[in-house]
Amino acid sequence: MEKRNKIIFGVAIAVVVLTTIGLFWATKKRSGGFEKSKIKNKNPKKILIAGDSQVAIQSEQGGKITYTYPNILKDELEPLGYEIDVVAIGGKTTDWIKENLQSKLSEKKYDRVYIHGGGNDVNNASIPLEKTISNFQTMVDSVNEAGADPFVVLGYKIEGESGRFGNYKIIPLTRYLNKQEDWIPYVEKRKQLQRRLPNEVVNARFVPVYDLNQNTQDGIHPNGEGHKIVASKIKDSILN
């Protein structure tokens, strides 16, 4: 009887250990930041960048915007045989990006797509992070289904009061925010989105958070020097 009990106990322990290991690896594999998705197109020549004001090269009225980083990438990479397309308008949320990205994917076959947005979502109190993250996952899925490799750009380091990016004291007030301190929860929401995206969005690669060395006037958008830094980060991910 004693021997039988020992066998049963040993089997039970083995089951618990194997189950724990299985759950551990399942959780790790689910995390976008743990396991990189496999690259389908190792030499991406046709590239699409989707987003908002961080990447827009024209206004909603059609006017040209020349200082954002896709312009730099176009100047540097298109003479080398790359095609850089952009679908982005300032002030748009991920709902807009998702819809217009899908239309763009139906027009042309891309090798790689960079998704760079979410800032307008976090500045909108009515849009929960769960909705934003779901939109990112939907966009990633659409890109994969179209045969391209999705890259999610996590954006700049949020410096807060120690720097300029995300420093509520210098971010311009709006008709909804009457004092600088009103920006604090929105800055925190931006930090949460940046942390959660690589852990909750799957089957994508991520451009890690980059330091723009305080190159901003309004605490939200990079200036020309900041966009040069972003361009170098994206270019590195394309060429390497």
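Side chains included, hydrogens not; waters and symmetry mates left out as well; all remaining heavy atoms used.
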Would you kindly confirm whether Val55 and Ile84 end up in one hydrophobic cluster when ILVMFWY residues are joined by side chain heavy atoms under 4.5 Å apart? yes
Report yes or no: do Leu177 and Ile171 belong to one cluster of Ile/Leu/Val/Met/Phe/Trp/Tyr joined by side chain heavy-atom distances under 4.5 Å? yes
Measure from the side-chain N and O atoms of Thr174 to the backbone N and O of Tyr176, and report whether any donor-acceptor pair falls under 3.5 Å. yes
For the CG atom of Asn71 and the CG atom of Asp75, what is their distance to the nearest 0.5 Å? 7.0 Å
Say whether His221 and Tyr67, considering side chains only, have a donor N or O and an acceptor N or O under 3.5 Å apart. no
For Ser126 and Asn124, does a side-chain donor sit closer than 3.5 Å to a side-chain acceptor? yes
Within 6.0 Å of CD in Glu99, more than 12 heavy atoms from elsewhere: no
Hey, is Glu83 close enough to Lys74 for a salt bridge, meaning N to O under 4.0 Å? no
Got a second to check how far Leu73's CG is from Ile234's CD1, nearest 0.5 Å? 7.0 Å
Quick one: do Arg164 and Glu159 satisfy salt bridge (Lys or Arg N to Asp or Glu O under 4.0 Å)? Show the steps, please. CA-CA 6 Å; Arg164 294 180 63 82; Glu159 300 164 325; over 6 Å; no
Are there over 12 heavy-atom neighbours, none belonging to Lys104, within less than 6.0 Å of that residue's NZ? yes
Does Leu197 belong to the same Ile/Leu/Val/Met/Phe/Trp/Tyr cluster as Phe165, with side-chain heavy atoms less than 4.5 Å apart forming each link? no
Is the shortest side-chain heavy-atom distance between Ile158 and Val187 below 4.5 Å? yes
If we only count heavy atoms from C-beta on, is the Val113 to Leu101 side-chain gap below 4.5 Å? yes
So, Thr216 and Asp218: side-chain donor and acceptor under 3.5 Å apart, yes or no? yes
Tell me, with the steps shown, if Lys169 and Glu181 meet salt bridge (Lys or Arg N to Asp or Glu O under 4.0 Å). CA-CA 7 Å; Lys169 294 180 180 179; Glu181 289 75 13; over 6 Å; no
Is the closest side-chain donor-acceptor distance between Tyr114 and Ser237 under 3.5 Å? yes
Any chance you could measure Thr132, atom OG1, to Asn120, atom CG, to the nearest 0.5 Å? 10.0 Å
From CA spacing to verdict: side chain to side chain contact (heavy atoms under 4.5 Å, CB included), Ile89, Asp52: CA-CA 5 Å; Ile89 295 292; Asp52 49 31; over 6 Å; no
Is there a side-chain contact between Pro222 and Asn215 in this structure, where contact means two heavy atoms from C-beta onward sitting under 4.5 Å apart? no
Worked verdict on Asp95 versus Asn135 for side chain to side chain contact (heavy atoms under 4.5 Å, CB included): CA-CA 7 Å; Asp95 276 338; Asn135 281 346; 2.9 Å; yes
Lys233 atom NZ, over 12 foreign heavy atoms within 6.0 Å: no
Would you check if Ile115 and Val153 make a side-chain contact, meaning some heavy-atom pair closer than 4.5 Å? no
Might you point out which heavy atoms bring Leu105 and Ala146 nearest each other, and give the distance in Å? CD2-CB, 4.3 Å
Is there a side-chain contact between Val152 and Val140, using heavy atoms and a 4.5 Å cut-off? yes
With a 4.5 Å cut-off on side-chain heavy atoms, are Val87 and Trp96 touching? yes
Heavy-atom donor-acceptor pair, Ser134 side chain to Glu130 backbone, under 3.5 Å: no
Say you draw a straight line from CE of Met139 to NZ of Lys98; how long is it, rounded to the nearest 0.5 Å? 8.0 Å
Does Asn223 reach the main-chain N or O of Glu225 with its side chain, forming a donor-acceptor pair under 3.5 Å? yes
From Glu188 CD over to Trp183 CH2, what is the distance, rounded to the nearest 0.5 angstrom? 14.5 Å
Looking at His227 and Thr68, would you say the former's side chain and the latter's main chain have a donor-acceptor pair under 3.5 Å? no
Classify the angle between the aromatic ring planes of His116 and Tyr210 as parallel (below 30°), tilted (30 to 60°) or perpendicular (above 60°). perpendicular
Polar side chain donor-acceptor pair, Asp141 to Asn203, under 3.5 angstrom: no
Which heavy-atom pair separates Gly90 from Ala56 by the least distance, and what is that distance? N-CB, 4.1 Å
Is a side-chain N or O of Gln180 found less than 3.5 angstrom from the main chain of Tyr168, in a donor-acceptor match? yes
So Tyr156 and Gln54, side chain to side chain contact (heavy atoms under 4.5 Å, CB included) or not? Walk me through it. CA-CA 11 Å; Tyr156 51 72; Gln54 299 288 331; 4.1 Å; yes
Side chains of Asp121 and Thr94: do they bring a donor and an acceptor to under 3.5 Å? yes
Tell me whether Arg112 contacts the main-chain N or O of Leu48 through its side chain, where contact means a donor paired with an acceptor under 3.5 Å. no
The reported gap from NZ in Lys235 to CG in Asn240 (rounded to nearest 0.5 angstrom) is 10.5 Å
Same cluster or not: Val143 versus Phe151, using hydrophobic residues (I, L, V, M, F, W, Y) connected whenever any side-chain heavy atoms lie under 4.5 Å apart? no
Check for me, please, whether Ile220 and Ile97 land in the same ILVMFWY cluster - side-chain distances under 4.5 Å, paths through other members count. no
Nearest heavy-atom contact between Val122 and Tyr186 is O-CD2, 3.2 Å
Report yes or no: do Ser103 and Asn100 form a side-chain donor-acceptor pair below 3.5 Å? no
Kindly indicate whether a cation-pi arrangement holds for Lys46 with Tyr110, taking the cut-offs as under 6.0 Å to the six-membered ring centre and within 45° of the axis. no
Testing the basics here: between Asn213 and Asp211, what is the closest heavy-atom pair and its distance to 0.1 Å? N-OD1, 2.8 Å
So with a 6.0 Å cut-off around NZ of Lys38, is the heavy-atom count from everything else above 12? no
Between Gln214 and Ser162, which heavy-atom pair has the shortest distance, and what is it? NE2-O, 4.4 Å
Can a side-chain donor-acceptor contact be found between Lys40 and Asn144 if the only test is distance below 3.5 angstrom? yes
Between Asp149 (side chain) and Asn41 (backbone), is there a donor-acceptor pair under 3.5 Å? yes
Side-chain donor/acceptor of Asp111 to backbone N/O of Lys45, under 3.5 Å: yes
Please report the closest heavy-atom contact between Gln194 and Leu154, naming both atoms and the distance. NE2-O, 3.0 Å
